[in-house]
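Both counts, for ligands and for their atoms, begin at 1 and track the order of listing. Being a predicted model, the structure only gives us computed values, none of them experimental. Throughout, residue positions are numbered sequentially from 1 according to the sequence presented.
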Amino acid sequence: MTLILKLDPLRPEREKIERAAEFIRAGEVVAFPTETVYGLGANALSPSSVRKIFAVKRRPLDNPLIIHVARAEQVEALVEEIPPAADRLIQSFWPGPLTLILRKLPSVPEEATAGLETLAVRMPDHRVALELIEVSSTPIAAPSANLSGRPSSTRAEHVIEDFYSRIACIIDSGQCRIGVESTVAMVRGDKIVILRPGGISREEMERATGKPVEYHRLVIEAGGEEKPVSPGMKYRHYAPRAELWLVPGEKLVQVVKEALERSGRVGVIARREKDIPGALLYKAGTGIEEYSSNLFSALRSLDSKRMEIIVAEAVEEVGMGMAAMNRLKKAATRIIG
Ligand code: TXA
Ligand code: MG
C-alpha cells in the first residue's frame, strides 16, 4: 500500500506533513516534491533506510545520493569543513537548486555516499520539502524519484507510475517549478567545478562568487574513459523507452520526415508549433527555461503514448539550456549536428 497525500505546495497542511514525517522516522521511503524534481527520500542517517531507496529505485550501489537539509547549520553536522567559496555559494543560492560536494564526517553512513569521502548536500526551495525535513528531525537522502535510467519525475503522476505500491508514501504537490535537477558543484581551491549542469547556471555562479566556474571535462565530452568524478556521469540516464534523436531546430522537419519513413509512431518535442503530418507534437515552449521545465514531462508523455522514435529539438547551451542539453545528450540514441 502506498499512501498518497495531497499537499498545498505553498501552505502545506501540518497534519499531513506529520504523517509523512512519521514514515521517515520509521525508516520508510517517502516521495516528496522539490523545486527541481520529485525526490525519493529516507532518513539519511539510517543505513537500512537508505538501502531501501537503492532497492526500490534499482539504483547501482556505487552512485551516491544527495542529502537534503532544511537549515544551513545542519550541514555542519555532516561535513568536515565548509570552504569559503562553498559558503559564498550557500549564501547566494540556498534554498535553491544547487548541490555542493563537500568532505564528509565519518558519522555519515557510507550507504548514502556510496563509500566516497565526500557527500552531496543541498537545501531545496520548496515549503513541503523543508517542512518534511524539519518535522522528521533528520536530513533526508533522496535521489530523483524515477526508476534508474528513466526520465525524472516532475509531477506526482510520474512518481505514481514508477513507484506506486513499492514505497510507503507519495506526496502530491503538483508540478515542480524548475523541472530539471539541481546543479552539482565541487569547490577545488579557488575554482568551482560543475559536475552536473542544472537549475543554477554557471553564469549565475560566476556573478555571485566573482570566481571562475568551469564545467568538468566529462560534462563537455560525452562518455570519458576514466572513472567519473561524479559516479552518476557514467550511466545512461533520463531515457525514454523510445529511440531519442536530438536535432538542431533548422533540421527538425526534415529529420522527422526521415523518422516517419521508419516508423508510424514518431513523437516530436519542439519549441513551437510545427506542421508535420503523421507525427505527434509536444510543444515544450519557446523560452529555454520553459522548454527545460517541460522536458521530462514531454519524454514521459510521448513514451506513454508508445512512440517508437522521439525527435527532440536542441536548444542553445547557455543558462538552463546547458542542463536541458546535458539530459537530452545522455538520453539520446542519435545526435544529429
Ligand atoms: O534536484 C536534484 O538534485 C534532485 C532533487 C530530488 O533534489 N535530486 C537528484 O538526485 O537529482 P540524483 O541522485 O538523481 O542525482 C545526484 C547526482 C548524481 O549524479 C550523483 O552521482 C551525484 O549527484 N553525486 C552524489 N554524491 C556525490 C559525490 N559525493 N561526489 C560527486 N557526485 C555526487
Ligand atoms: Mg536522477
Side-chain angles (χ1 to χ4, degrees), residues 29-42 44 50 53-54 56-70 78-80 93-105 108-126 128-130 132-133 139-154 158-159 162 171 173 176-188 193-200 216 218-219 227-239 292-293 296 320 323 326-327 330-331:
V29 174
V30 175
F32 64 98
T34 79
E35 79 283 28
T36 57
V37 298
Y38 275 80
L40 197 61
V50 172
I53 299 175
F54 282 89
V56 290
K57 182 170 163 121
R58 298 191 211 128
R59 180 169 176 114
L61 290 168
D62 64 349
N63 193 4
L65 309 179
I66 295 173
I67 298 180
H68 297 71
V69 296
L78 301 171
V79 305
E80 264 178 16
F93 299 111
W94 280 11
L98 177 68
T99 294
L100 292 173
I101 306 299
L102 300 168
R103 295 186 66 81
K104 81 175 196 75
L105 285 174
V108 179
E110 61 177 20
E111 278 76 5
T113 62
L116 295 178
E117 283 172 2
T118 53
L119 59 72
V121 64
R122 84 175 190 100
M123 189 196 299
D125 186 16
H126 197 293
V128 172
L130 293 171
L132 178 66
I133 298 163
I140 293 182
S144 50
N146 51 279
L147 284 169
S148 201
R150 299 222 60 216
S152 303
S153 294
T154 54
H158 303 155
V159 184
D162 285 10
I171 299 179
S173 295
C176 299
R177 178 168 57 83
I178 295 177
V180 288
E181 300 88 340
S182 61
T183 300
V184 178
M186 183 159 78
V187 176
R188 276 279 165 85
V193 181
I194 295 179
L195 305 182
R196 179 179 73 181
I200 299 286
H216 190 272
L218 291 175
V219 172
K227 188 172 178 349
V229 189
S230 184
M233 285 170 163
K234 73 179 178 218
Y235 300 105
R236 181 159 183 251
H237 258 319
Y238 318 110
S292 309
S293 91
F296 287 132
M320 289 280 279
N326 170 267
R327 310 307 187 263
K330 284 186 161 228

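Residues R122 and T34 have side chains that bring a donor and an acceptor to within less than 3.5 angstrom of each other. A donor-acceptor contact closer than 3.5 angstrom is absent between the side chains of S182 and T36.
Judged by distance alone, with hydrogens and angles left aside, the side-chain atoms of T118 form no donor-acceptor pair with the main-chain N or O of L102 at under 3.5 Å. In this structure, R59 contributes its side chain and N63 its backbone to a donor-acceptor pair below 3.5 Å. T183 contributes a side-chain N or O that, together with a main-chain N or O of G198, makes up a donor-acceptor pair within less than 3.5 Å.
When the heavy atoms of P60, A185, G39, S152 are ranked by distance to atom 6 (C) of ligand 1, first place goes to G39. The residue from L65, I53, I101 that puts a heavy atom closest to atom 31 (C) of ligand 1 is I101. Which of V184, N63, T113, L98 comes nearest to atom 18 (C) of ligand 1 through a heavy atom is settled by distance: it is N63. For the residues S182, S144, S153, the heavy atom positioned nearest atom 10 (O) of ligand 1 is part of S144. Between atom 29 (N) of ligand 1 and the options I140, L102, T118, the minimum heavy-atom separation is to T118.
Of the polar atoms of R122, at least one N or O is found under 3.5 Å from an N or O of ligand 1, judged by distance alone. Residue Y38 places no N or O, backbone or side chain, under 3.5 Å from any N or O of ligand 1.
Residues E35 and P97 are in side-chain contact: their nearest non-hydrogen atoms beyond the backbone lie under 4.5 Å apart. Looking at W94 and D125, their side chains never come closer than 4.5 Å, going by heavy atoms from C-beta outward. Between S148 and P60, the closest side-chain pair of non-hydrogen atoms falls below 4.5 Å.
Using a 4.0 Å heavy-atom cutoff, H68 is listed among the residues neighbouring ligand 1.
Numbered from 1 in the order shown, with element, the atoms of ligand 1 that lie under 4.0 Å from a heavy atom of L116 read 28 (C), 29 (N), 30 (N). Atom numbering of ligand 1 starts at 1 in the shown order; those under 4.0 Å from a heavy atom of A120 are 25 (C), 26 (N), 27 (C). Near I66, the atoms of ligand 1 lying under 4.0 angstrom from a non-hydrogen atom of the residue are 3 (O), 8 (N), 9 (C), 10 (O), 16 (C). When each atom of ligand 1 is checked for a heavy atom of P64 under 4.0 Å away, the hits are 20 (C), 24 (N), 25 (C), 26 (N), 27 (C), 33 (C).
Taken to the nearest 0.5 Å, the OG1 atom of T99 stands 13.5 Å off from the CE atom of M186. Summarising the geometry, atom CD1 belonging to I140 is positioned 11.0 Å from atom CD1 belonging to I67; distances are rounded to the nearest 0.5 Å.
Ring centroid separation for the pair Y38 and F32 does not come in under the 6.0 Å cut-off.
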Could you walk me through whether K104 and E80 pass the salt bridge (charged side-chain N to carboxylate O under 4.0 Å, His left out) test, one step at a time? CA-CA 6 Å; K104 81 175 196 75; E80 264 178 16; over 6 Å; no
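Contact annotation: for R196 versus ligand 1, heavy atoms closer than 4.0 Å belong to the side chain alone. At a heavy-atom distance under 4.0 Å, only side-chain atoms of R59, from C-beta outward, approach ligand 1.
Ionic pairing of D162 and K57 is not present here: no N-O contact between side-chain nitrogen and carboxylate oxygen is shorter than 4.0 angstrom.
Around the Mg ion (ligand 2), the protein N, O or S atoms closer than 2.8 Å are S144 OG, listed by chain and residue number.
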